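In each ligand, atom 1 is the first atom listed, and ligand 1 is the first ligand listed. Note: hydrogens, waters and symmetry copies are ignored here, and every other heavy atom, side chains too, is used. Given the structure is predicted, the values throughout are model-derived calculations rather than measurements.
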Amino acid sequence: MSEHAGRYAPSPSGDLHFGNLRTGLIAWLFARRTGRTFLLRVEDIDTQRSTIDSAHRQIDDLLTLGLTFDGDILYQSERFPAYQRALDMLTARGLVYECYCSRKDIQDSARAPHTPAGSYPGTCRDLSEGEREQRRQALAQEGRTPALRLRADVDEFTIRDFYHGDYTTEVDDFVLRRGGQAPDWAYNLAVVVDDGFQGIDQVVRGDDLLSSTPRQAYLATLLGLEVPEYAHVPLVVNAQGQRLAKRDGAVTLREMLLDEPVHRVVEKLAASLGYPGVNTLLKLRDAFDPADLPREPLVWR
Ligand code: GLU
């Protein structure tokens, strides 16, 4: 297998729909045309929303479409010890601190001037040990544990994206592990640790994740991991311009296959990438040029 790898990383919380399949297909095309290994990762980190049944159905869907994967499938739900090791490494270097803020605390303080919407204003960054103990105990009385945040030592970070060029966003002290009643690993940590572990050097995914990417790339550098090359692709949206969802009609592969054979679905996917009339993945692989990809969100009809 090649030392270079791409991946597709769906969250198993429902059957794959046209938008998911299109993104997965583009990731596969990018990987295959550059001779990369292509890996599948089941992003079942959110144990409330993910089910193993859904993961199996998604894998079946991808195989039905004809997407081929190499190596073992990685399940995030089995990776918690690896996330803990990464957290321990960062903690040992003084790069992690406890945060006792509620969502409301953060919203309120984010209204202050100079803080971009949604970013953490650093309320708990420089508390004394005495203040920490007090807040820890107050949370414990409510049965909650503190969140853990990265002590970021940059204000912003720049990544390079195939479609978006040099792309910079603010890097705040983002969450590594959520607190509350059931502490949860944060996606930004998991994705970096897993991409590093799987040797992923090409990340192709929906552009809804673009704004999180500089944070992830910065974290990768802190963990001594290679920053992958990125290609964030436009999403498929409904008539209102919102990300396609099941309520938008017969959008899952399984629903589509009730009305048409799989090569028709492949043809629709190919047409959406700018290659009308192509109805096999192999022909599509030969025709595919990433520069041809339409740059606007695709409106589902
Ligand atoms: N699991 C994410 C999703 O299904 C994809 C994340 C990624 O590709 O990094 O939207």
Starting from the N and O atoms of ligand 1, find every protein N or O within less than 3.5 Å and list the pair with its distance.
unit_1, atom_1, unit_2, atom_2, d
ligand 1, 1 (N), Ala9, O, 2.7
ligand 1, 1 (N), Ser11, OG, 2.9
ligand 1, 1 (N), Glu43, OE1, 2.6
ligand 1, 4 (O), Ser11, N, 3.3
ligand 1, 4 (O), Ser11, OG, 3.3
ligand 1, 8 (O), Arg7, NH1, 2.5
ligand 1, 9 (O), Arg7, NH1, 3.3
ligand 1, 9 (O), Arg7, NH2, 2.9
ligand 1, 9 (O), Tyr187, OH, 2.5
ligand 1, 9 (O), Arg205, NH1, 2.9

**OP:** Hey, could you give me the CG/CZ distance between Leu189 and Arg215, rounded to the nearest 0.5 Å?
**Re:** 14.0 Å
Subject >> Of all pairs that satisfy side chain to side chain donor-acceptor pair (under 3.5 Å), the ones with a partner from residues 81-92, not counting sequence neighbours >> reply: Tyr83-Asp194, Gln84-Asp88
Original post:
Nearest 0.5 Å, what's the OG-OH distance between Ser211 and Tyr167?
Top reply: 5.0 Å
Original post:
Can you name the ring pair (Phe, Tyr, Trp, His ring centres under 6.0 Å) partners of Tyr75, sequence neighbours left out?
Top reply: none
Subject >> Residues that, via side-chain heavy atoms closer than 4.5 angstrom, fall in one hydrophobic cluster with Leu258 >> reply: none
Subject >> Residues, nucleotides or ligands: over 12 heavy atoms within 6.0 Å of Gln134 CD >> reply: no
